[in-house]
Colleague: 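Take a look at this one; I'll ask things after.
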Amino acid sequence: MEGEPLAALFTPALVVDVDKVKRNAQRMIERCEKLGVQLRPHMKTHKTLECADILTGGSRRCIVVSTLAEARFYADHGFDDILYAYCLPFDKVECCAALSEQLDLFQVLLDHPDALEQLKKRPLRDGRLWHVWLKLDCNNGRAGVLHSAPEALRLAQGIAETAGVELTGVYTHCGNTYNCRGVDQIHTVAQQTTSFTLQFMERLKAVGITCKSSIGSTPSCSHPVKDMALLSEVHPGNYVFYDVQQSLIGSCSLEDVAVRVLTRVIGHSPHRNQLLIDCGWSGISLDGGGKLPTGYAVIEGHPNLKLLSMTQEHGRVESISGPLDYSKYPLGSMLALIPYHSCATAMMHPVYHVHSEGRLLGKWTPTRGW
């Protein structure tokens, strides 16, 4: 299908504008170069080799993954310096050990002393070290040991003092930037997260421990504060695609969003003033809860249309105001949905159709599973 228009695709279909992907990637690279910090891009949004090559500039080094399936996928295709940034699952310790013994640098994350005990029970062969990042919670409220808690310092010391284990760094996710609206609010959260992280690094230094520091979220890395230059790394992920949510936060403009879900009109319901489309919640995420003025997505080029509700394979579209002009939406006509959350939406598609200026270039196949 190379060279054909997007209209040649079966729907629903996830399409990726490769020019926007490259532009988003290059902007992040330039931001990090200006800050003087290492960019460690997260693979969780796209999970493809092609996109990973774009994000790493072809180096195939220095990436973050959120699943062991991703880690194996990238390791099997020549990537190295991989950080598995998910608090160590005890059922996967042996697989993590195998990757640690296979790669030059495979790194794990933990936030509890029991996880450290698991590593002690499985020493690596040939004198290799477990490379461990401590997950710190800087008021995001998800995983991580609280930055201000005494046990955070105790755990860092425990890691640093354990034979066969190296404290490689301190890792923080500032996911609370997702509650922001506008650059000023993003800056406030990014500054707080950065400050808490740097304060913790000073406490480590005071007890003789030095290691790397890393924070990350797409909002904070799209609009970094100056103090982020004092960190070692940053680890954003969604920025490669962006989405409606990020445009509302202030991370990007809607024009920066690189993905769409194409769908076709399959029914007219004049008695409800609705259209029926062939994309339901198995083709685009329910994230956002339909609370956008346009419902569950933005329907590109049609500001008066709202994706009102979805079942598994159907979507109901209505007019925001006034009666629908069905002559504008004949059966078989195509609509482009801009997803509220691109990470969740991408997970629903076994293949991404890549295009440039509306002409198909090929397919990217993501890895799946955990």
Side-chain angles (χ1 to χ4, degrees), residues 4-17 19-20 178-183 185 238 241-349 352-353 355 357-360:
E4 292 193 69
L6 297 181
L9 293 171
F10 287 168
T11 52
L14 186 85
V15 296
V16 177
D17 185 328
D19 301 311
K20 290 184 178 181
Y178 278 60
N179 299 319
C180 295
R181 289 295 181 268
V183 175
Q185 290 185 18
N238 175 276
F241 285 168
Y242 283 127
D243 49 33
V244 173
Q245 178 179 216
Q246 294 293 342
S247 73
L248 296 173
I249 292 168
S251 307
C252 66
S253 70
L254 205 56
E255 290 70 33
D256 295 321
V257 182
V259 292
R260 305 287 187 275
V261 176
L262 301 183
T263 182
R264 284 186 168 88
V265 176
I266 58 170
H268 290 167
S269 303
H271 58 293
R272 296 196 306 266
N273 196 35
Q274 291 179 352
L275 304 169
L276 199 63
I277 59 174
D278 66 357
C279 181
W281 50 251
S282 61
I284 193 166
S285 171
L286 289 168
D287 276 14
K291 295 178 182 178
L292 296 171
T294 53
Y296 286 92
V298 170
I299 304 178
E300 190 169 32
H302 299 280
N304 197 45
L305 293 184
K306 178 178 182 177
L307 180 53
L308 176 68
S309 64
M310 291 179 283
T311 55
Q312 184 167 339
E313 304 296 348
H314 297 83
R316 297 183 184 92
V317 175
E318 68 176 12
S319 171
I320 292 175
S321 62
L324 282 169
D325 180 354
Y326 288 95
S327 67
K328 294 181 179 179
Y329 313 105
L331 297 189
S333 59
M334 186 176 282
L335 297 173
L337 309 177
I338 309 178
Y340 180 85
H341 190 183
S342 61
C343 306
T345 296
M347 275 293 296
M348 298 173 170
H349 292 263
Y352 312 155
H353 300 275
H355 72 95
E357 298 181 350
R359 291 284 168 178
L360 292 167

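Computed from a predicted structure; not experimentally measured. These values consider heavy atoms only, across backbone and side chains, with no hydrogens, waters or symmetry-generated copies.
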Colleague: Working to the nearest 0.5 Å, report the span between CE of Met310 and CG of Leu286.
Modeller: 4.5 Å

Colleague: Going by heavy atoms in the side chains, are Leu337 and Ile299 under 4.5 Å from each other?
Modeller: yes

Colleague: Applying the side-chain contact (heavy atoms from CB on, under 4.5 Å) criterion to Leu307, which one of Leu292, Thr294, Val317 satisfies it?
Modeller: Val317

Colleague: Any non-hydrogen side-chain atom of Asp287 less than 4.5 Å from a side-chain atom of Gln245?
Modeller: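 Side chain of Asp287 against side chain of Gln245, heavy atoms only: no contact under 4.5 Å found.
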
Colleague: Ser269 and Gln274: side-chain donor and acceptor closer than 3.5 Å?
Modeller: no

Colleague: Working to the nearest 0.5 Å, report the span between CG of Leu360 and CD of Glu4.
Modeller: 7.0 Å

Colleague: For Tyr326 and Leu275, run side chain to side chain contact (heavy atoms under 4.5 Å, CB included): C-alpha distance rounded to whole Å, both residues' side-chain angles, the deciding distance at 0.1 Å, then the answer.
Modeller: CA-CA 8 Å; Tyr326 288 95; Leu275 304 169; 3.6 Å; yes

Colleague: Among all residues two or more places apart in sequence or in another chain, which pass the ring-ring contact (aromatic ring centres under 6.0 Å, His included) test with Tyr329?
Modeller: His302

Colleague: CD1 of Ile266 to CG of Leu331: how many Å apart, nearest 0.5 Å?
Modeller: 9.0 Å

Colleague: Could you pull out the closest heavy-atom pair between Ala336 and Leu262, with the gap in Å?
Modeller: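 Heavy atoms of Ala336 and Leu262 come nearest at CB-CD2, 3.9 Å.
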
Colleague: Mind checking whether Lys291 and Tyr296 have side chains closer than 4.5 Å, heavy atoms only?
Modeller: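 Contact flag for Lys291/Tyr296 side chains = no.
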
Colleague: So which heavy atom on Trp281 is nearest to which on Met348, and how close?
Modeller: O-CE, 3.3 Å

Colleague: The test is side chain to side chain contact (heavy atoms under 4.5 Å, CB included); show your working for Val15 and Leu6 and say whether it passes.
Modeller: CA-CA 8 Å; Val15 296; Leu6 297 181; 4.2 Å; yes

Colleague: Taking Arg316's backbone N and O only, do any of them form a donor-acceptor pair with Ser309's side chain (distance below 3.5 Å, no angle check)?
Modeller: no

Colleague: Determine whether Val244 and Val257 make a side-chain contact, defined as any pair of heavy atoms from C-beta on separated by less than 4.5 Å.
Modeller: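 Val244 does not reach Val257 side chain to side chain.
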
Colleague: Can you list everything that forms a ring-ring contact (aromatic ring centres under 6.0 Å, His included) with His314? Sequence neighbours excluded, please.
Modeller: none

Colleague: How long is the straight-line distance from CG of Asp17 back to CZ of Arg260, given to the nearest 0.5 Å?
Modeller: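 Atom-to-atom, Arg260:CZ and Asp17:CG are 7.5 Å apart.
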
Colleague: From Asp256 CG over to Asp243 CG, what is the distance, rounded to the nearest 0.5 angstrom?
Modeller: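 It is 11.5 Å, given to the nearest 0.5 Å.
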
Colleague: I need the minimum non-hydrogen distance between Ala13 and His353, along with the two atoms involved.
Modeller: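 Minimum heavy-atom contact is CB-CD2, 3.9 Å.
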
Colleague: Would a 4.5 Å heavy-atom cut-off, applied to side chains only, mark Lys306 and Ser319 as touching?
Modeller: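 Lys306 vs Ser319: side chains apart.
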
Colleague: For a quick test of reading the model, state the closest non-hydrogen atom pair linking Met334 to Leu9 and the distance between them.
Modeller: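 Minimum heavy-atom separation between Met334 and Leu9: CE-O, 4.4 Å.
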
Colleague: Does the Ser342 side chain pair with the main chain of Tyr242, one donor and one acceptor, at a distance under 3.5 Å?
Modeller: yes

Colleague: So, do Asn304 and Ser321 sit near enough that their side-chain heavy atoms are less than 4.5 Å apart?
Modeller: yes

Colleague: Quick check: do Val261 and His349 have side-chain heavy atoms less than 4.5 Å from each other?
Modeller: yes

Colleague: Enter the distance from Glu318:CD to Leu308:CG here, rounded to the nearest 0.5 Å.
Modeller: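 Glu318 atom CD to Leu308 atom CG measures 4.5 Å (nearest 0.5 Å).
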
Colleague: Going by the angle between their ring planes, with limits at 30° and 60°, are Phe241 and Tyr352 parallel, tilted or perpendicular?
Modeller: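 Taking Tyr352 first and then Phe241, their aromatic rings stand perpendicular (interplane angle over 60°).
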
Colleague: Of the non-hydrogen atoms in Ala258 and Lys20, which two are nearest, and what is the gap between them?
Modeller: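 Taking every non-hydrogen atom into account, CB-CB, 3.7 Å.
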
Colleague: Does Thr263 reach the main-chain N or O of Pro12 with its side chain, forming a donor-acceptor pair under 3.5 Å?
Modeller: no

Colleague: Donor-acceptor check, side chain of Asp278 to backbone of Arg264, threshold 3.5 angstrom: yes or no?
Modeller: yes

Colleague: So, for Ile284 and Ala297, which heavy atoms are closest and what is the spacing to 0.1 Å?
Modeller: CD1-CB, 3.9 Å

